[in-house]
Amino acid sequence: MSGVRVRFPPSPSGDLHVGNVRSALFNYAFARHERGAFVFRIEDTDTARSTEESYRSLLADLRWLGLDWDEGPQVGGEYGPYRQSERTGLYADVAARLRGAGYGYDCYCTAEEVATRNRAAGRPAGYDGHCRDLTESERDGHLAAGRTPVLRFRMPGERVEFTDLVRGTVGFDAEHVPDYVLVRADGSPLYTLTNPVDDALMRITHVLRGEDLLASTPRQIPLHRALRDLGISDAPMPAFGHLPFVMGEGNRKLSKRETPEVSLNHLRARGYLPEAVLNYLALLGWSMGEDTEIFTLDQMCRAFTLDRVGVNPARFDPKKLLAVNGTKIRALSTDEFADRVTPFLIGAGLVADPPTVGQAELLRAAAPLVRERTNLLTDAVGMLGFLFADGDAFTVDEAAAAKQLTGAHAGTVKAAVAALEPLPGWTADNLQAALREALVDRLGLKPKHAFGPVRVAVTGRQVSPPLFESLELLGRDRTLARLRDALSRVGE
RNA sequence: GGCCCCGUCGUCUAGAGGCCCAGGACGCCGCCCUCUCAAGGCGGUAGCGCCGGUUCGAAUCCGGUCGGGGCUACCA
């Protein structure tokens, strides 16, 4: 293992969206490429927003994606605990030392007071340093008034420059980075404190995160220095790299309302493959070069370097994700495909949990036929339903019947029954020959019109796997039974 | 408003001064295949935001401009 250490530090509020996943993926790929460590940390200092439920789904999501972490919840590590809510004592200690050394100071101002002063002075927003050097009597006055202070970081008053791993040199002048709050008035630590402290304590070497945090970097660098100065950390300053945004449609923020596909839960439920989600997301802000767009996680890790990370924001495109998903599904082996579809069939109540031996065999036999026409695993459920739904569970779609099973189709269905009843070998080839002969040659129907009614009668839908193979899989008895049922429907 | 980041087909991108009258992918359109739907094959549509400069030569370098985004919380 090299010395590279990166982290993915989500806060457990709401479910993971594609933007988070993309950040996790890049960190993961970088760690693997560098043979470093991928640290998973939970930033749940905002108790009002953090929930246990979303903490658990965070773990499940990362597991589902296959982004295994080297350190973090459930696996431990030498820098734990990895849940910030379990590190509060540590933050209190760091805060006290920062205050003691003058790197932090108590601030009694309310947001309104600061805003009022800035407005009066014609200054832009941001803290004005009012409490930086309070006299003892001023402090006593605030205390007497019942105010409790926040802990504010004392910025060093000099320009901060750093070399961003993806953007190059970025600099901020001191007057644009005001002193900021580290600890709330109630004593609880803020992200502004816990994030840099943990990066230092966990010896993170590369901070790869969203572009929205670019502006907070000049605040974190002096804090890192203070931590080192006080001997709280002896870790080198991490390198920072800011990944381009993943935007929603119309260049607006990602919105689950507008585009449900941005939610990982939704993607999983709809039948997207984790490897497809990852592959697609890799394309947002990174490219393998040449013209390769489809690759495995492993291939990505081998090829992943920061110099190929782009700088401009990317729009999330559900259509392309779907196309990648289809490509990945078609690349699955028959058995893998069957395995992936099974949970959806169980969920739909079409097969037992676990499937019976017969169901499993039928599924495997049908898999190659269905896999070819599936872009979403949930599509497959619709196409496979007729094979597993027996008796009353099998229904004919009314809209399909209205088009293909009316009185006008009586002759077609009747001829089909007559042709299939005496058929000796129930194979796709024989079935095709018999139906063509009876419907196309004898009745003079166009193939399209000849087979449509049969398809609807037997599969219940207008869209199905290839007809003759479907009939073979369904078997003689069930096929004929359904055709006879259709007979009564068309009025025979 | 201030500060910061960004600007190649509708979208994601390749492109690191001549290999580019810009390549790939998704989408879209057409054709082929065809029992439905897909898949597949073939073809097509469409882009270097704009203006200056540097250079023999710029998508590539520089400046400006316009446009988009982020930050400006006792959220993360």
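- Atom NZ in A/Lys328 sits about 15 Å away from atom C1' in B/C26, given to the nearest Å.
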Using nucleotides 7-9 of chain B, report all nitrogen or oxygen pairs with the protein that are shorter than 3.5 Å.
| residue | atom | partner | partner atom | Å |
| --- | --- | --- | --- | --- |
| B/U8 | OP2 | A/Asn312 | ND2 | 3.4 |

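- Judged purely by distance below 3.5 Å, without hydrogens or angles, the side chains of A/Asp198 and A/Tyr91 pair a donor atom with an acceptor atom.
- You'll find that the side chain of A/Val150 is closest to B/C74, out of B/C74, B/G15, B/A76.
- Note on A/Gly310: nothing from the nucleic acid sits closer than 4.0 angstrom, heavy atoms only.
- When both pairing distances are held under 3.5 Å, B/U60 makes no Watson-Crick or G-U pair with any nucleotide shown.
- The nearest whole Å value for the distance from the CD atom in A/Glu175 to the C1' atom in B/C71 is 16 Å.
- In this structure, a donor-acceptor pair under 3.5 Å is present between the side chains of A/His409 and A/Thr406.
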- Query: How does protein reach along nucleotides 35-42 of chain B, written 5' to 3' as B (base within reach of a heavy atom under 4.0 Å), S (only sugar-phosphate), or - (no contact)?
  - Reply: BBBBS---
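- As the counterpart of B/C75, no nucleotide is assigned, since no Watson-Crick or G-U wobble pattern has both distances under 3.5 Å.
- Salt-bridge formation is not detected for the pair A/Asp397/A/Arg461: no Lys NZ or Arg NE/NH1/NH2 atom is positioned less than 4.0 Å from an Asp or Glu carboxylate oxygen.
- Residue-to-nucleotide proximity on RNA chain B shows that, of A/Pro244 and A/Lys319, the 5′-proximal contact is made by A/Pro244.
- You'll find the side chain of A/Val39 stays beyond 4.5 Å of the side chain of A/Val6, heavy atoms only.
- A/His224 and A/Phe240 have perpendicular rings, their planes meeting at more than 60° on a 0 to 90° scale where under 30° would count as parallel.
- If you take atom P in B/G63 and the same atom in B/G7, they sit 14 Å apart, rounded to whole Å.
- Scored by the salt bridge (charged side-chain N to carboxylate O under 4.0 Å, His left out) test, A/Glu336 finds no partners at all (sequence neighbours excluded).
- Judged by distance alone, the side chains of A/His242 and A/Arg167 never bring a donor and an acceptor atom under 3.5 Å apart.
- A straight line from CG of A/Asn195 to C1' of B/C75 spans 13 Å, rounded to a whole angstrom.
- Nucleotides B/C4 and B/G10 are separated by 31 Å at their P atoms, to the nearest Å.
- Between A/Arg49 and B/C75 there is no side-chain polar atom (N or O) within less than 4.0 angstrom of OP1 or OP2.
- Every residue two or more places apart in sequence or in another chain that forms a side-chain hydrogen bond (donor to acceptor under 3.5 Å, both in side chains) with A/Glu52 is listed here: A/Arg83.
- Checking A/Arg308 against A/Ser287 by side-chain atom types alone, a donor-acceptor pair falls below 3.5 Å.
- Listed for the A/Thr192 side chain is a donor-acceptor partner under 3.5 Å among the backbone atoms of A/Val181.
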Under 3.5 Å, N/O pairs linking protein and nucleotides 30-32 of chain B:
none

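- Residue A/Arg147 places none of its side-chain N or O atoms closer than 4.0 Å to OP1 or OP2 of B/C74.
- Side-chain contact check for A/Arg209 and A/Ser23: no donor-acceptor pair (N or O, by modelled atom type) lies under 3.5 Å.
- A heavy atom closer than 4.0 Å to some atom of RNA chain B occurs in A/Val181, A/Arg184, A/Ala185, these being the qualifying members of residues 178-186 of chain A.
- Across the strands present, B/C28 finds its partner in B/G44; the criterion is a Watson-Crick or G-U wobble pair with both atom distances under 3.5 angstrom.
- Contact annotation: A/Thr45 reaches the phosphate of B/A76 (side-chain N/O to OP1 or OP2, under 4.0 Å).
- To the nearest whole angstrom, the two C1' atoms, one in B/C12 and one in B/C71, are 26 Å apart.
- Across all strands, A/Arg219 comes closer than 4.0 Å to base atoms (heavy-atom distances).
- Of the candidates B/C5, B/U11, B/A14, the closest approach to any side-chain atom of A/Leu214 belongs to B/C5.
- A perpendicular orientation is assigned to the rings of A/Phe451 and A/Phe468, their planes being inclined by more than 60° (bins at 30° and 60°).
- With hydrogens and angles left out, the side-chain atoms of A/Ser85 and A/Asp44 include a donor and acceptor closer than 3.5 Å.
- Listed for the A/Asn325 side chain is a donor-acceptor partner under 3.5 Å among the backbone atoms of A/Asn375.
- As judged by a 4.0 angstrom heavy-atom cut-off over every strand, A/Leu213 is placed among the base-contacting residues.
- With hydrogens and angles left out, the side-chain atoms of A/Thr194 and A/Gln84 include a donor and acceptor closer than 3.5 Å.
- Here, B/A46 and B/C51 have their C1' atoms 25 Å apart, quoted to the whole Å.
- Between A/Phe38 and A/Phe30, the gap from one ring centroid to the other reaches at least 6.0 Å.
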Check the interface with nucleotides 16-24 of chain B: list each N/O to N/O pair with the protein under 3.5 Å, or write none.
| residue | atom | partner | partner atom | Å |
| --- | --- | --- | --- | --- |
| B/G24 | N2 | A/Glu293 | OE2 | 2.7 |

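- With a 3.5 Å ceiling on both atom-pair distances, B/C21 lacks any Watson-Crick or G-U wobble partner.
- No donor-acceptor contact under 3.5 angstrom links the side chains of A/Thr296 and A/Arg302, judged on distance only.
- Taking the P atom of each, B/C37 and B/C28 are spaced 15 Å apart, rounded to whole Å.
- The separation between A/Leu281 atom CG and B/U11 atom P is 19 Å, rounded to whole Å.
- In terms of position on RNA chain B, the residue among A/Asp46 and A/Phe245 whose nearest nucleotide sits closer to the 5' end is A/Phe245.
- A donor atom on one side chain and an acceptor atom on the other are found under 3.5 Å apart for A/Ser263 and A/Asp15.
- Partners of A/Tyr280 under the ring-ring contact (aromatic ring centres under 6.0 Å, His included) rule, at least two apart in sequence or in another chain, are A/Phe316.
- Sorted by first then second residue, the salt bridge (charged side-chain N to carboxylate O under 4.0 Å, His left out) pairs that include residues 147-160 of chain A, not counting sequence neighbours, are A/Glu113-A/Arg147, A/Asp133-A/Arg154, A/Arg159-A/Glu161, A/Arg159-A/Asp173.
- Remark: the separation of the C1' atoms in B/G24 and B/G47 is 14 Å, to the nearest Å.
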Can you pull every protein N or O that's under 3.5 Å from an N or O on nucleotides 1-3 of chain B?
| residue | atom | partner | partner atom | Å |
| --- | --- | --- | --- | --- |
| B/G2 | O2' | A/His176 | NE2 | 3.4 |

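- For A/Phe304 and A/Trp286, the distance between ring centers is under 6.0 angstrom.
- Across residues 16-27 of chain A, not one residue has a non-hydrogen atom less than 4.0 Å from an atom of RNA chain B.
- Rounded to a whole angstrom, the distance from the P atom of B/C19 to that of B/G41 is 30 Å.
- One side chain, A/Asp186 or A/Ser188, offers a donor N or O that lies under 3.5 Å from an acceptor on the other.
- Across B/U72 and B/C29, the matching P atoms stand 43 Å from one another, rounded to whole Å.
- Applying the salt bridge (charged side-chain N to carboxylate O under 4.0 Å, His left out) criterion to A/Arg270, with sequence neighbours excluded, gives no partner residue.
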- Message: Please determine whether side-chain contact (heavy atoms from CB on, under 4.5 Å) holds for the pair A/Met300 and A/Met288, giving the CA-CA distance in whole Å, both sets of side-chain angles, and the decisive distance to 0.1 Å.
- Response: CA-CA 8 Å; A/Met300 177 190 180; A/Met288 197 131 106; 5.7 Å; no
